[in-house]
Structures are given as structure tokens and as C-alpha cells.
Amino acid sequence: MPKVAGIDALVPAPAQTDRPFDDLPVAPGMLIQDRLAGWVSDLTTLHELTERLAGIRSLDAALHELLRAGAALVGAGRGLVVLEPADGLGPVTTLGLGLSHADLGQLETVPRHVTSYGHGPLFAGYAEHAEYAERTEHTQRTGHAQRTGHAGHTEHVAPAPAAPAPAPAPAPPAPAPAPAPNGVPEPVCVPDLLALPDLDPREREVAARLGYGAAYAVPLTDLAEPVPDQLGAVIWLYDEPAEPTTRQRHLVRLYTRYAGEQLARMVELRRARTQVAALAEELLPSLLPRMPGVRLAARHRTGPRGGGDWYDALPLPEGALSLAVGSVSGSGPGAVAASGRLRACLRAYAVMEGEDPVAVLSDLELLLRLTEPARTATALFAYAEPDRRRIVLAGAGHAPPLIVGDRRTEFVETSLSAPLTVLSCWQAPSVVVSPAPGETVLLYTDGLLRCTGEPTDRAFARLHAAAASVPAAARQDPGAIADHVLRVLLPEPPEGTVGGHGDGRHDGGRHGDGRHGDGHDRGPGGGGPGGEHGGGGHGGGGHGSARSSGHDGDIVLLAARFD
């Protein structure tokens, strides 16, 4: 090596005296800081997911959100949730994430008691847990591997396939969730589905066809009750053999615990709404009269809270017909029962003095003041003579009827009047209407106006435009006219709301007996929860104001077409 100024080639290089930076010990404070940061991140994630779930009002939308959020937590791409309350009162449904209806149908062909993730009490009622625990106690001691997760949770994991041995060992049993001390089944993890030697042949075939190789199932329970209520289970599927980490298991367990309590409240609300809707339908006419010269059709939507809107059509002597719609204040079963009493009383007055609508409403107002002084009501009563195409009507704080025909679409001009029991003595003049042949008279409650979310004057304009836009071919059928008006006026239910809480369709023809329509089908609208009250308001003939589009009251539409 040539000599260079300042460098002596004969002097060896000094040995390394400092340790590499990679070997330096990590300060304990940094470990604690990293762990705290992870906890804060987990809490933030859980807070965001639970807040999103709490803002959903529809049961189906909440189940979809549970699937989506849980899949993100455990790192799965697909899944399904089975809602089947153990008390047997329903509702029962199965929804999928990344699975078509055909895929869910194939999964349903596998009996639950033989699936790798659905053994034992995961889908059973808690009354069966003790019997199941005794039946599986020996199995769990001998061949079932357990893994203790975060916060002391015990999760059952399918045993990994054993290495080949000269002598074949007994087949390990399928994973089975044992009930925890509080009676709640534990999650089930199947990290390698196709490697299970005792896998049911049908499940093996379905798994190969759908392309999933692992599963993680978590029970849905309501832990807020003293005795936990089992609602069903949620299963996430992996395309390849995999399993969630301990941290992922802990997060999804906390999330599903909150989701179980939220879903339990939604299930109870769904049941209550179904009962109220059924009660309301039973208090309304099951059949509409079929009389010469007139055809009738009715549409009734029960709001989520169950309002007090009602309608009636009653044949009277000498070929006459009474038509009535109305609403009572309030919501819930009380308003529904009050509407039934009001309709029954109105029928009695219609038979005795139906030719004088003012007298009918005056007597109804007196009875309501004596029996239910704290309740107000609106009503519109019409005495129709189909052979003469003549209608005499009177209203108490109710919206005016609408005449729909080929040559005109206009509101009937009625006088302003107050709802029943608002004034010391109700009084209003009657109005005579003569519809032309082929014209239809629409009677409706103000819920039809409030559902638009517009001010009253604009709501009336929208109703007029909807009726005027009925196709010519549909004007021959009063039911088609009513359906068209509802389709135009009622907005589609927004995501996360419950729509269509009871859609009663009643149609009557020209002669003979009436026929009942399709009962409680879901209609094009239906609204969602969140309005002020479910009963009918008291703005009639241009009074009052429209509510928001989140209207939760009833909607009644009664159509009478005169030949």
C-alpha cells in the first residue's frame, strides 16, 4: 500500500468497541407507550363502530352493519348472521355478506347440528345448555383443544390435523362450543375446515363449492338481562385456512356483546310494532262492500308507532253507502283502540241518521267529549247514493276529498271546521258533490300529506299533481289510482329505517261480496321512526303544517269510483 500523508498502513484498524444499535435494550417506557397507543386505537375503533350501529333504526340494516364491521375486525371477507331468538317468538332471518341468496340456500342445506361451527348451544336455547354440557363433557376432556384469550375468555378451536403416524389415531371430535359459567356459549374457531377428518360430507361439498376454508362463529346474546337471551349467531368465513388473532378475537367479542344488546332492543321493537299493526288491521274493515254503481279500494299503512288513522265503508238502507275516514290524537295501542271505538260509534250513528252527515259528526263529538275528553279527533263522513251519483259530506278538521277524472282533478271545496272536542260545540255545514260517471273520489287522512315532508300548501299541490298524473288506463280501477298516488307521494324509506309497517289493501268490486287484498305487504314507502307522534294531526282544509319526511304516523287512502 503506498504511503499517504496522515495514514500509516502498518497500524491496524481499531477494534469495534460500541455495540450495534439493534442490540440496545428498548426502554420500558416505550413498550408501555406502544401498548397504550394500541389500546387507544382499539377503543377508538370500537367507539366508532358502536356509534354507527347505534344510529341505525332498521333491524335488517343493523344486521348488515354487524356483518360488515365484524368482518373488518376479524379480517374475513364473507359471513352470515342467523337471527333466531331462543324464545321462538321471532323474527327469524338469515342475511349474508358477500354471499348471494343461492349461496345462503346452499349453506342452509347443511344441518346445523353437523356443521363445524354450529354444534351444540350456539344455535340452541339456553334451556338446552345443561343437557348439552353433560353430553359433551367427556368429549371436551379428551379431544377438544381450548385456547384462553384476552380478558379470561375461553374460545374453542378446532384441533389441527395430526401428523401421520404408523397407527391411525382416533378421529378428533368436531369443535363444540361449551356454555360458559353464565350460560352463554363461547365462540367457535375452525382454522382449517377441510382438514377436519370428521367433517360432514355435505358441509365439505358446500365449502368446496363456495370456496371457504375457515370459519369463526360468535353467539349473539343479550347480556343486559339477568338470564342472557340468545338471539342467534354470526359466522365469518375465510377463503383460506386462517384464524383471527387474540387481539381480533377480543375486539369482535366486545363488539358483538354490544351488538347483542342493541339487536335485542330492536327485536322487541319489531315485535311490538307487528302486534300494533296487526291490532290496527283487525279493527279496520276486513271486507269492503260491493254495490252497484260504485267500486271501492282502500290502502292503509300503519306507522312504526301505530297511529290512530282509520276508515270505514258501510252499506245503508235504500242502496246508500257511508264512507268515512278519520284519525285520533296520540300513538301506540291506546290510539289504535280509540280509533276502533270511534269507528264503531260512527257506524251506529250512520245507520240511524246517515243521510245527515252534520248530525252524525255532532253526535260523535258529544260522545267523544263525554267518554274521552282528553282526546281530539278529525273525521270526514260522506253519505253516498251511487245510483244518483250524489254525495253529501261533512268534515271536522279534516282534509277535503279529491275528485279524479278524465276532465278534472280538483279538491272539493269544504268549509273550515275544527277537530272534534276542540271547541265547546262543534258545528259545520255539509257539502253536496256530484261526481261524473267514471270519476273517483279520494278520501284520505293528513298522514298522506305529512309524509311528503312539505308545508301544507305544497303537500296539497303534490297530492293534486300525483292524482292528475294517473295514467288513463289506470283510472278505471280505484285500487290502481290509490297505488299510483302512494308511489308518487311516498318517498323510498332511507337506509337504516324500517319501512312498510303493515300495508293493508282492500278492494271491492261492482257486485257480490268484497274481497280482501294482500294484507301486510311492504309498500313503496312506509316511513321510519323519528316523527312527532303516530296519530293523525288536526290540520284540515288547509290548516296545520306538514311534518318531516321521517313521518311515523298512519296513512289512509279510500277511493270510490262511480260508474
Keeping [X] on the side-chain end and [Y] on the backbone end, is there a donor-acceptor pair under 3.5 Å?
X      : Y      : result
Ser417 : Gly397 : yes
Ser430 : Val358 : no
Arg475 : Gly405 : yes

- Task: Decide yes or no on side-chain hydrogen bond (donor to acceptor under 3.5 Å, both in side chains) for His464 and Thr409, but give the supporting numbers first.
- Result: CA-CA 7 Å; His464 183 277; Thr409 300; 5.4 Å; no
Do [X] and [Y] come close enough that some side-chain heavy atom pair is under 4.5 Å?
X      : Y      : value
Pro401 : Val433 : no
Leu558 : Leu442 : no
Phe381 : Ser322 : yes
Arg68  : His64  : no
Val556 : Trp310 : no
Val294 : Arg561 : no
Leu220 : Leu66  : yes
Pro357 : Leu393 : no

Nearest atoms (heavy-atom pairs only) where [X] meets [Y]:
X      : Y      : answer
Ala379 : Leu361 : CB-CD2, 4.0 Å
Pro386 : Pro292 : CB-O, 3.6 Å
Val328 : Ala338 : CG2-CB, 4.2 Å
His300 : Leu284 : ND1-CD1, 3.2 Å
Thr414 : Pro400 : OG1-CB, 3.8 Å
Leu231 : Gly260 : CD1-O, 3.4 Å

- Task: Take Thr421 and Arg375, measure what side-chain contact (heavy atoms from CB on, under 4.5 Å) needs, and give me the verdict at the end.
- Result: CA-CA 8 Å; Thr421 72; Arg375 194 179 295 275; over 6 Å; no
- Message: Quick one, Asp554 with Arg301, criterion side-chain contact (heavy atoms from CB on, under 4.5 Å). Give me CA distance, side-chain angles, the key distance, then yes/no.
- Response: CA-CA 5 Å; Asp554 289 4; Arg301 305 281 171 83; over 6 Å; no
Spatial distance of atom [atom1] ([X]) from atom [atom2] ([Y]) [nearest 0.5 Å]:
X      : Y      : atom1 : atom2 : value
Leu59  : Leu83  : CG    : CG    : 5.5 Å
Asp222 : Gln262 : CG    : CD    : 10.5 Å
Asp229 : Thr221 : CG    : OG1   : 9.0 Å
Leu364 : Tyr349 : CG    : OH    : 7.0 Å
Arg299 : Leu448 : CZ    : CG    : 13.0 Å
Leu296 : Leu287 : CG    : CG    : 12.0 Å

- Kindly determine whether Leu97 and Leu80 satisfy side-chain contact (heavy atoms from CB on, under 4.5 Å), including the steps that lead there. CA-CA 6 Å; Leu97 173 68; Leu80 69 153; over 6 Å; no
- In sequence, state the C-alpha distance, the side-chain angles, and the governing distance for Arg257 and Glu261, and then conclude on salt bridge (charged side-chain N to carboxylate O under 4.0 Å, His left out). CA-CA 7 Å; Arg257 178 180 299 178; Glu261 298 177 5; over 6 Å; no
- Item | Audit row: Asp483, Arg487, salt bridge (charged side-chain N to carboxylate O under 4.0 Å, His left out) steps and yes/no | CA-CA 6 Å; Asp483 291 336; Arg487 281 194 302 269; 5.1 Å; no
- Message: Let's go through Ser327 and Thr378 carefully: what are the C-alpha distance in whole Å and the side-chain angles of both, what is the deciding distance for side-chain hydrogen bond (donor to acceptor under 3.5 Å, both in side chains) to 0.1 Å, and is it a yes or a no?
- Response: CA-CA 5 Å; Ser327 61; Thr378 67; 2.9 Å; yes
- Between Tyr444 and Phe411, how do the two ring planes meet: parallel, tilted or perpendicular, split at 30° and 60°? perpendicular
- Query: Hey, mind stepping through Arg290 and Arg295 against side-chain contact (heavy atoms from CB on, under 4.5 Å) and telling me if it holds?
  - Reply: CA-CA 7 Å; Arg290 304 180 72 175; Arg295 283 188 290 171; over 6 Å; no
- Query: Considering residues, nucleotides and ligands other than Arg271, do more than 12 of their heavy atoms fall under 6.0 Å from its CZ?
  - Reply: yes
- Message: Can you pull out every salt bridge (charged side-chain N to carboxylate O under 4.0 Å, His left out) where at least one residue sits in residues 428-439? Sequence neighbours excluded, please.
- Response: Arg408-Glu439
- Query: Pick from Leu288, Leu346, Val351: which one makes a side-chain contact (heavy atoms from CB on, under 4.5 Å) with Leu314?
  - Reply: Val351
